[in-house]
Amino acid sequence: MTRTSTNPPYGSRDQSASHPSMSPLQSVTKTLRRHWGKSFLFGVFVVAVSVGAIMFAPRTYSSESKLFVRVGRESVGLDPTATTGETLSVQRENEIEMNSIMELLNSRNLLENVVDTLGADHILKSPELGPELPKDEKWKIVRDAHETAMDTVGQAVQWVRQLDPISDRDRAIHELQKSIKVSIGKRSSVVSVTCKAKNPQLAHDVVEALVAAYLEEHQRVNRTDGAYEFFVEQSEFAQKQLTEATQALSDAKNELGVLSVESQRTMLHDQISTVQIERAKADAELAAAKSRAKSLAALTDTMSPRVATDAVSGHDNVAADGMRSQLYTLELRKAQLLAQYTQTHPLVAAIEQQLADAKKIYLEQPQERSRQTLAMNPTFQQLELDLFSEQGRVAALESQVAKLGEQHETLVAQGTALNTAAVRLLEMEMNVERLSADWRGQVAKLEQSRVNQALEQQRISNVNIAQPASLVARPISPNKPLLLILGLGLAIGGAFLIPFLFDRGADVVEPDAHRPKSDPPTLAKGPRQTPKEPVRKPSLVNQPVSV
């Protein structure tokens with residue numbers, strides 16, 4: 001059995017395998033000492049770049065303005081031409097208002113107004129405030145290098161712009177879009193407008209022009225053109241319609257002769273009630289009068305109208321003879337009537353009744369003729385007078401009942417006509433009320449439009465300038481302390497890491513204890529290459545073992 005060694009070549013063993021007794025700190029220290037020159041050069045380079053950036057980087061200046069937004073007519077008021085049934089909360093309206101202000105401030109229209117106000121040349125060709133280098137002769141090389149670098153950068157930028165050429169106005173608008181920032185604090189009613197520019201005066205002018213343009217735009221978007229003239233016309237038209245409807249209602253009431261439908265209906269109701277009561281009373285009196293007249297007629301029929309006051313027997317009965325003569329006369333009259341009329345004719349019935357009464361009286365006469373003195377029966381006369389009186393009262397009550405019935409029918413007809421007219425009058429009154437409410441609404445909107453127009457003319461709105469555009473001479477960039485701190489940190493960190501980065505690409509072979517000290521270490525850079533005939537250190541461990 002033969003055992004071959006699997007140990008790597010001598011030149012590929014790492015440092016830790018070569019020197020297992022070396023601590024990590026000693027290894028790091030040796031690595032840093034080995035590449036201290038690279039670390040030093042890198043640190044100097046980074047510090048030089050940081051100092052150059054602090055000295056030669058373009059300065060940026062900022063200007064800020066703050067707008068305070070109150071809860072005003074633009075926030076909670078509706079346009080006069082708007083109609084809605086929804087009520088929005090003030091908090092929601094304020095949030096909508098703030099977002100709308102941000103959208104308007106970021107709109108291209110305002111930027112175009114700013115460019116047209118200031119001019120594209122003022123925005124693009126304003127002098128850039130950079131670091132002032134000393135005018136000593138020893139700084140001439142630095143100044144020339146700086147100018148050459150800036151000219152080179154400018155030419156490169158100009159060449160890039162020529163790829164897609166645009167007008168100076170559009171380029172100025174694009175520059176403003178990049179440099180202007182609009183922000184709103186959380187739960188705040190203050191809008192901050194900030195502009196960054198290459199000199200403080202330009203930043204101030206841009207912010208000032210933008211705020212002025214926004215205030216005009218705010219006035220414009222929160223008004224409706226022609227609203228005042230429109231509501232003047234509408235209010236006049238509504239007033240004309242109301243006048244015509246009121247006149248028509250008055251004419252209809254005059255035609256009906258009523259001041260108020262309800263009062264007229266109440267009066268008719270009272271009259272109908274009174275007539276009904278009087279008619280019921282008259283009907284009761286009429287029934288009583290008829291009953292009394294019937295009773296009196298019955299008593300009159302059972303009572304003789306005459307009574308005998310003196311009687312003498314043995315004399316001729318002149319009354320019976322006269323009555324007999326009258327019976328003959330009545331019978332003759334009956335025969336004549338039958339010759340002219342039928343048996344059921346009233347005259348025939350009347351003559352028959354007279355004959356019957358006369359026969360009855362005649363038969364009641366005694367056969368013995370006697371002489372009697374007859375006189376009128378005063379009781380009969382009184383009953384007959386009472387009967388005539390009751391019959392007259394019955395006739396009067398019947399006439400009264402008839403008249404009350406006619407009056408009741410007339411009042412009912414008037415009530416029916418009033419009800420029909422009441423529907424028409426009610427429609428006319430509702431139309432008048434509707435037109436009156438419409439007219440009042442148009443007048444209110446007209447007044448609101450007039451107030452809006454006056455507020456617009458006097459430039460009054462709910463947006464106030466809390467802080468005008470600031471003019472700050474101190475640049476906001478570059479941030480010198482921050483650049484210096486970052487440069488030093490990068491220099492120190494890079495100087496520490498560079499030795500390890502260089503050691504990652506190479507395996508370091510330290511001299512072995514069995515080699516002469518004069519032999520230098522072998523460095524294998526790049527990818528490892530296996531030598532054709534590797535030199536191995538003689539060792540008993542590496543010798544093949546035969547069994």
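Heavy-atom basis, side chains included; hydrogens, waters and symmetry copies ignored.
Using a 4.5 Å heavy-atom cutoff, the side chains of S126 and L202 are in contact. Between L446 and R450 the shortest side-chain heavy-atom distance does not fall below 4.5 Å. In this structure, the side chains of V472 and P200 stay at 4.5 Å or more apart for every pair of heavy atoms. Using a 4.5 Å heavy-atom threshold, the side chains of N464 and L67 count as separate. By the 4.5 Å heavy-atom criterion applied to side chains, I123 and V115 are counted as neighbours. For the pair T194 and S62, the minimum side-chain heavy-atom distance is below 4.5 Å. Side-chain atoms of K178 and H174, non-hydrogen and from C-beta on, do get closer than 4.5 Å to each other. Between S65 and I465, the closest side-chain pair of non-hydrogen atoms falls below 4.5 Å.
At a threshold of 4.0 Å, the pair K125-D168 does not count as salt-bridged, since none of the basic side-chain nitrogens sits closer than that to a carboxylate oxygen. Salt-bridge formation is not detected for the pair E427/R424: no Lys NZ or Arg NE/NH1/NH2 atom is positioned less than 4.0 Å from an Asp or Glu carboxylate oxygen. Between E429 and R434, none of the side-chain N atoms (NZ, or NE/NH1/NH2) sits under 4.0 Å from a carboxylate O, so this pair counts as no salt bridge. Under the 4.0 Å criterion applied to side-chain N and carboxylate O atoms, R108 and E112 are assigned as salt-bridge partners. Ion pair E64/K66 flagged as a salt bridge, since at least one NZ, NE, NH1 or NH2 atom sits closer than 4.0 Å to an Asp/Glu carboxylate oxygen.
In this structure, a donor-acceptor pair under 3.5 Å is absent between the side chains of R171 and S167. Under 3.5 Å, the side chains of N99 and E103 contain no donor-acceptor pair of N or O atoms.
Although no hydrogens or angles enter the test, the distance criterion places a donor-acceptor pair under 3.5 Å between the side chain of T246 and the main chain of L242. With hydrogens and angles disregarded, a donor-acceptor distance shorter than 3.5 Å links the side chain of K198 to the backbone of L124. Looking at S63, its side chain does come within 3.5 Å of a backbone N or O of S470 through a donor-acceptor pair. A donor-acceptor pair under 3.5 Å links the side-chain atoms of T243 to the main chain of Q239, judged by distance alone. A distance-only check finds a donor-acceptor pair linking the side chain of S107 to the backbone of L104 [under 3.5 Å].
Separating the CD atom in E175 from the CD1 atom in I173 is a distance of 11.5 Å, to the nearest 0.5 Å. In this structure, CG in L268 is found 10.0 Å from OG1 in T416, a value given to the nearest 0.5 Å. Expressed to the nearest 0.5 Å, how far CD of E236 lies from CZ of F231 amounts to 13.5 Å. Considering CG of L426 and CG of N419, their distance stands at 11.5 Å, rounded to 0.5 Å. For the atom pair M428 CE and L435 CG, the distance stands at 11.0 Å (nearest 0.5 Å). Taking OG of S189 as the start and CD of E97 as the end, the distance is 10.0 Å to the nearest 0.5 Å.
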- Can T29 and R33 be said to form a side-chain contact (heavy atoms from CB on, under 4.5 Å), step by step? CA-CA 6 Å; T29 303; R33 284 165 51 188; 3.8 Å; yes
- Message: Does N113 form a side-chain contact (heavy atoms from CB on, under 4.5 Å) with Y214? I'd like the steps, not just the answer.
- Response: CA-CA 9 Å; N113 291 337; Y214 170 73; over 6 Å; no
- Task: Before giving the answer on side-chain hydrogen bond (donor to acceptor under 3.5 Å, both in side chains), spell out for Q201 and D205 the whole-Å C-alpha distance, their side-chain angles and the decisive distance to 0.1 Å.
- Result: CA-CA 6 Å; Q201 187 62 46; D205 294 343; 2.9 Å; yes
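Here the shortest heavy-atom pairing between M102 and I184 reads CG-CD1, 3.1 Å. Closest approach of A469 and E208 over heavy atoms only: CB-N, 3.8 Å. Nearest heavy-atom pair across F42 and A491 is CD2-O, 4.2 Å. Closest heavy-atom contact between L105 and L210: O-CD1, 4.3 Å.
Surrounding NZ of K38 are more than 12 heavy atoms belonging to other residues, nucleotides or ligands, all under 6.0 Å away.
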